[in-house]
Structure formats: structure tokens, C-alpha cells
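Reviewing the structure listed below.
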Amino acid sequence: MRRGCVIRTVAASGALALALAGCGGGGKDKPAGKAPAKPAAEAPAGGWPQPENGRLTAKMCGLLTDGDYAKYGHQRMPQENAGPAQDGSNTVGCTYMLGDQLTLSLQKSAQGAKIAFKQGLDDHKDRLKGKPSVLAPNVVQGADESWFDYSTLGGGPTEYEVEARRGALTVGIVLSEVPQHPDKDPKAMLAGLAALVLQRIPNVGKADTGIVHQVKYVVWGSGATAMQVVYNDPVSTKTVTLKNVKLPWHKEFPMPDTGNQPTAALSVSGAGATPTVLVGCEIFVDGKSVQKKAPDGGLTFCDADYHT
């Protein structure tokens, strides 16, 4: 039942999972029929830990206490690891014996966080195929969007997770049950704990601090059309094929901040309508060219890695 540390951020495969250092727009959610969060515990001396110079820190593992879990009848085991993501993204994770986890991730913009949140949910659904599910949306009070389900990165139906986004901030909590002592209502517990985290850092994520990153593909040539354009969608990670494409052609994708490690494969190719038609391609990240091929006969291919 125990597993390694996991944080939610963008990965080349579309999964939102990266190792931690130390591990070795719409309205707010208004869940129908859900009991309100438990009353917040008294803040520690000096107040609840907040970001330092805009960065999430390991101190923020203290946003949830053993007492918070105990109010829901769950005994949280001692902490094993806490620290920032190795990739340089603004993410911190906290892991506890037997598998309980808390993760916080802060994008530079609400739009970037919204993209990352959707990627995480899409990946969760992909991994969920053929497995039991209790997927429920909009479960966390104070969040713009949220979901609850079995944890598909864990060891089976005794692990649950909740993901909640408010503005540029995403909160993820994993609950690992002891089979001999199952929790009475994991959904209410995780939703309530996520709501407590949002209450204790009330301003985090509400204001954008940077740009929404952009990836742009361009294909051009000596003719009016390309017989075919094929590109990798860096958001969905799906390959898209277009036929008889009018030139010049371009496609843009808003992207989240993912730190300094490559997390998505960028590729675009074009083929001329006839052997005499020359076709070129180029890839831009935030307006900067990262790969360019001059027009040539036959098939032209550009590729690069996305990172911020």
C-alpha cells in the first residue's frame, strides 16, 4: 500500500508525476449536499506558514496537523519527507508513513494552473480505465474546481486523493487507509482537509505573478498548400494529422510553468503537395525560436523539448 512521493506537474507523457527532492476562471465550487469543513484549528505561534519570496517551502507541510486528521477519525503517521520539487517548479510535497501525502503547486498564472489541473485530471482518467472509480467533481469549498477519487497512482481502492485548484494554486492530498481501520467518509475528510489548506493560505494563488507560456508551431513553403501537417499537441500529448493544409500555417498552445526540466515533446512536420513544393517548419517557446528547418523538398521535421 505504501508508495513513493508524487507531485502534480506536467510531464512529457501527459502524466502529472515527478519525484520530490528529499523523496529519495469560473465560480467557486459549491458542492451539493456536502457537509461544511471542520472548524479550523487555532493557528500556531507566528501564524500558518506562507510562501517565502513567492516560493512554497517545506514549512507549509505544517498547514495540516495530526489534529486536523484526528477530527475525521484518521491517524496520520509521522512525516517521512518534505521538500521542493527537483525540477525547479514552485511545488512542495510532504509524505508520511503508510502513504498519506500533501502537495502544493503554485503556477505563475491561474490559466497555467487551470491547464495543469486539466492535464492531471485527464491523466487520472486515462489511468483509471478498467479500474473502479468513485470520481466526484466540485467537492472542495473555496476552490475554483476540484475532484475526488481513488488514487490511481497508489496501491488500490484503499487509497484516495483529492485535487483542488484556486487561481494559480493547486492542492493535492492522498489518504492511505489501513484496511483493518477504514475511514468512514474519505471524500468528506479529504474535501474538508483541502478546504482547510485554502483557508489557511487565503491569498495564495489569487493574483498572477507571471505570464502564461506559449508554444507555437509554424509551417510554410513555396506552394499554396501542404499535403500533410503532423504535430504533437503538448497539452494533450496526442498526435494530430491535418490534410491539405493551407500555407502558411501556425498553431499556438498555452502552457503551464514546469520548472527547468524538459516535460513535453514538441514536434511538427510538413510534406509538400508535390515533390517540387518546398516546405519549412519552426517551433517557438514564448516567442523564441527553439528549432527551425529551412524549406526543402519532401518531408520537413522540427522537434524540441519544452521546459520553462
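Position 1 is the first residue of the sequence, and the numbers go up from there.
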Stepwise side chain to side chain contact (heavy atoms under 4.5 Å, CB included) check, Thr241 with Gln228: CA-CA 7 Å; Thr241 300; Gln228 177 175 282; 3.8 Å; yes

Between Ser289 and Glu282, a side-chain donor and acceptor under 3.5 Å: yes

Distance in Å, Thr170 OG1 paired with Arg165 CZ, rounded so as to fall on 0.5 Å steps: 7.0 Å

Closest non-hydrogen atom pair between Trp48 and Ala43, with its separation: NE1-CB, 3.4 Å

Short N-O contact, Arg76 and Asp100, less than 4.0 angstrom: no

Asp286 side chain to Gln214 backbone, donor-acceptor under 3.5 Å: yes

Criterion side chain to side chain contact (heavy atoms under 4.5 Å, CB included) on Cys94 and Gln79, from CA distance to verdict: CA-CA 7 Å; Cys94 324; Gln79 188 176 78; 4.0 Å; yes

Distance (rounded to the nearest 0.5 Å) between Gln141 CD and Gln199 CD: 8.0 Å

Distance, nearest 0.5 Å, that separates CG of Asp149 from CD of Glu161: 7.5 Å

ILVMFWY network linking Tyr72 to Phe148, side-chain heavy atoms under 4.5 angstrom: yes

Heavy-atom side-chain proximity of Gln291 to Phe284 below 4.5 angstrom: no

Polar side-chain atom of Asp122 near backbone of Ser236 as donor-acceptor pair, under 3.5 Å: no

Val245-Val240 co-clustered via ILVMFWY side chain contacts under 4.5 Å: yes

Stepwise side chain to side chain contact (heavy atoms under 4.5 Å, CB included) test for Lys292 and Val218: CA-CA 9 Å; Lys292 181 177 182 179; Val218 179; over 6 Å; no

In one Ile/Leu/Val/Met/Phe/Trp/Tyr side-chain cluster, 4.5 Å: Leu242, Val219: yes

Rounded distance [0.5 Å steps], CG in Leu121 versus CG in Leu135: 6.5 Å

Ile211 to Ser109 - nearest heavy-atom pair and separation: O-OG, 4.3 Å

Shortest non-hydrogen contact between Gly167 and Ala113, atoms and distance: O-CB, 3.4 Å

Exam field: side chain Asp68 to backbone Thr65, donor-acceptor pair closer than 3.5 Å: yes

Rounded distance [0.5 Å steps], CG in Asp66 versus NE2 in His74: 9.5 Å

Considering all heavy atoms, the nearest Ala194-Val162 contact: CB-CG1, 4.2 Å

Side chain proximity check, Val134 to Lys187, heavy atoms < 4.5 angstrom: no

With Pro256, the side-chain contact (heavy atoms from CB on, under 4.5 Å) member among His213, Lys108, Gln119, Lys114: Gln119

Residue pair Asn232 / Ser267, side-chain donor-acceptor N/O under 3.5 Å: no

Thr300 versus Cys281, closest heavy-atom pair with distance: CG2-SG, 3.4 Å

N/O donor-acceptor pair under 3.5 Å between Lys71 side chain and Gly67 backbone: no

same_hphob_cluster(Val215, Val290) at 4.5 Å side-chain heavy-atom cutoff: yes

Aromatic centroids of Tyr217 and Phe253 separated by under 6.0 Å: yes

Close side-chain approach of Val197 to Leu64, heavy-atom, < 4.5 Å: yes

Student check: side-chain heavy atoms of Met60 and Pro51 closer than 4.5 Å: yes

In one Ile/Leu/Val/Met/Phe/Trp/Tyr side-chain cluster, 4.5 Å: Leu63, Leu196: yes

From Trp147, Phe117, Tyr150, residue fulfilling ring pair (Phe, Tyr, Trp, His ring centres under 6.0 Å) relative to His124: Trp147

Closest approach of Val92 to Gly83 (non-hydrogen atoms, all atoms of both residues): CG2-O, 3.2 Å

Note: Glu145-Lys118 ion pair, threshold 4.0 Å (strictly below): no

pair Arg166-Val204: side-chain heavy atoms closer than 4.5 Å: yes

Note, Glu159 side chain near Leu175 side chain (heavy atom, < 4.5 Å): no

Backbone N/O of Val235 and side chain of Asp233: donor-acceptor pair under 3.5 Å: yes

Gln75 atom CD: more than 12 heavy-atom contacts under 6.0 Å: no

Side-chain touch Ile115/Pro254, heavy atoms, less than 4.5 angstrom: yes

Candidate pair Ile201 and Leu169, rule side chain to side chain contact (heavy atoms under 4.5 Å, CB included), full reasoning: CA-CA 10 Å; Ile201 46 175; Leu169 173 69; 3.6 Å; yes

Arg200 backbone acceptor or donor facing Gln50 side chain under 3.5 Å: yes

Side chain to side chain, Val268 and Val230, heavy atoms closer than 4.5 Å: no

Exceeds 12 heavy-atom contacts within 6.0 angstrom, atom NZ of Lys293: yes

From CH2 (Trp249) to OH (Tyr231), nearest 0.5 Å: 5.5 Å

